[in-house]
Amino acid sequence: MSYPELLIDREKLSHNIRTIMKMGQDADVKIHFVTKCMAGWRPFLEVLHEAGVEYFADSRVENLREISDLALSRMMLRVPMISNAIDVVRYADLSLNSDMAVIEALSDAARTLDREHGVILMVEMGDLREGFMPKEILDVASRVLNLRGVWLAGIGANFNCYGGVIPEERQLVELSELAAAIRRRFNVPLPIVSGGNTGSLYLLSENRLPLGITHLRIGEGYLLGIETSYRKRIPDLFTDVFAVKAEVIELRRKPSVPTGLIGPNSFNEIPVFKDRGQIWRAILAIGEQDARCETLQPRDSNIEFLGASSDHMILDVTHAVRDLKVGDVLEFTPDYAALLRAATSPYVQKRFV
Ligand SMILES: *Cc1c(COP(=O)(O)O)cnc(C)c1O
């Protein structure tokens with residue numbers, strides 16, 4: 001065994017997946033399960049497969065390649081790079097798109113490889129990440145329908161990312177009206193109307209997802225058991241599927257404020273300190289290369305985060321529930337940012353329990 005470790009509770013993970021699949025089925029909404037924070041790690045993908053997931057989505061073709069034999073449908077989430085069009089077509093059945101030149105490259109690649117590839121047109125609805133402007137969409141749809149290598153699978157929108165914009169019924173109604181307009185104008189089925197990510201899950205769970213939204217892309221929701229618009233728990237989901245473990249390498253009583261002239265720390269920030277007098281401090285063998293330390297929530301809520309550098313995390317353990325010593329291992333619950341880094345760090349051992 002080697003630390004740091006990322007532990008994954010297989011039963012809780014499967015429960016979360018099955019619960020979200022059921023939510024989708026009950027509302028007739030298809031869900032692609034997003035795996036991008038697990039770096040294409042096969043044992044994880046296999047657990048999803050065993051829990052019944054057939055639709056997988058990821059932001060990297062390297063990860064989609066690992067899913068090839070497990071998925072009925074693979075969706076590329078990040079707008080493809082033109083330079084990568086061949087691999088996107090090779091490893092994804094669908095991709096989200098916001099640029100006509102990219103879509104043309106995908107079409108050429110699909111014809112070269114003699115494969116089917118479905119295009120989903122992203123529409124900008126306020127969050128200001130990827131997407132065509134709504135008024136362009138009929139024109140773009142017409143151009144995509146004229147390409148011979150790809151088919152027009154749907155339209156979609158993204159929220160809660162760059163601008164932190166919360167998806168509300170208003171924007172999703174607009175999205176489904178755009179879809180209806182495309183269907184009317186061109187007489188195509190346009191099966192996918194993708195209404196966002198985990199930020200839209202609150203609408204699904206409150207039965208408020210507008211009719212006409214047929215699809216969601218869900219990652220954080222099944223991983224961490226929360227929706228991301230209001231950061232509320234989703235009823236009946238586990239919020240502790242993941243745990244990060246790290247080992248204490250120094251434990252000593254020291255002052256809480258450094259002595260000397262204060263300049264930038266290891267990340268070129270000028271640190272500020274609260275004077276709490278002498279405290280018991282633990283140094284753990286985990287750092288910013290392993291996780292986002294500040295958002296690792298200690299399972300013992302009496303333990304407080306003080307700081308971290310590349311390879312060290314420093315905690316105030318003065319009021320820790322258990323008496324600690326060097327060599328002890330502490331447990332943390334990661335948020336999404338900490339999980340993303342831990343699960344993609346080559347230094348962190350992933351293990352199912
Ligand atoms: C990451 C991503 C998702 C999944 O987001 P979650 O908040 O984890 O559900 C969905 N769509 C796109 C385009 C993404 O990049």
Side-chain angles (χ1 to χ4, degrees), residues 13 16-17 19-21 23-24 29-40 44 48 53 55-64 67 73-81 88 92-99 102 118-132 153-167 171-172 175 192-205 209 213-234 237 239 241-242 292 295 334-344:
L13 177 64
N16 283 4
I17 292 165
T19 307
I20 290 200
M21 278 201 299
M23 283 167 67
V29 169
K30 297 265 185 299
I31 293 175
H32 270 77
F33 282 77
V34 175
T35 53
K36 68 185 176 205
C37 76
M38 294 309 288
F44 184 86
L48 264 70
V53 173
Y55 299 164
F56 291 76
D58 206 290
S59 51
R60 312 260 171 169
V61 284
E62 298 90 322
N63 298 347
L64 288 171
I67 304 168
S73 166
R74 294 158 301 167
M75 177 183 283
M76 173 69 178
L77 291 172
R78 187 169 67 186
V79 168
M81 296 182 264
V88 169
D93 308 292
L94 298 163
S95 58
L96 306 182
N97 285 278
S98 65
D99 186 278
V102 173
V119 163
I120 296 168
L121 302 175
M122 294 303 274
V123 187
E124 165 52 43
M125 307 230 73
D127 191 64
L128 289 180
R129 206 176 68 181
E130 69 275 43
F132 293 100
I155 64 172
N158 197 53
F159 302 93
N160 316 85
C161 279
Y162 175 71
V165 170
I166 290 176
Q171 297 103 315
L172 296 183
L175 187 69
I192 297 177
V193 184
S194 189
N197 54 38
T198 297
S200 300
L201 214 48
Y202 82 100
L203 292 169
L204 180 64
S205 79
L209 202 62
I213 299 298
T214 65
H215 179 267
L216 294 174
R217 314 173 303 269
I218 303 295
E220 190 164 348
Y222 79 88
L223 297 167
L224 299 181
I226 59 161
E227 55 80 23
T228 48
S229 278
Y230 299 97
R231 304 230 148 239
K232 293 213 189 90
R233 285 192 63 160
I234 301 163
L237 291 197
T239 54
V241 171
F242 296 92
R292 191 174 175 210
T295 56
D335 74 347
Y336 187 76
L339 174 64
L340 174 70
R341 204 177 298 162
T344 54

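Keep in mind that what you see is a predicted model, and the values were worked out from it rather than measured. Whatever order the structure lists them in is the order used to number ligands and atoms, beginning at 1.
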Stepwise, does the side chain to side chain contact (heavy atoms under 4.5 Å, CB included) test hold for T198 with L223? CA-CA 10 Å; T198 297; L223 297 167; over 6 Å; no
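Considering only residues two or more places apart in sequence or on other chains, E220 meets the salt bridge (charged side-chain N to carboxylate O under 4.0 Å, His left out) condition with R231.
Side-chain atoms of N97 never come within 3.5 Å of backbone atoms of D99 as a donor-acceptor pair (strictly under, hydrogens ignored).
Ligand 1 is surrounded by V34, K36, L77, L96, R129, E130, N158, N197, T198, R217, I218, G219, E220, each with at least one heavy atom closer than 4.0 Å.
Ion pairing between a basic and an acidic side chain is recognised when a charged N comes within 4.0 Å of a carboxylate O; K36 and D58 show no such pairing.
Outside the 6.0 Å centre-distance limit, the rings of Y55 and F33 are not counted as a close aromatic pair.
Interatomic distance, CE of M125 versus CG of N158, reported as 12.0 Å (0.5 Å rounding).
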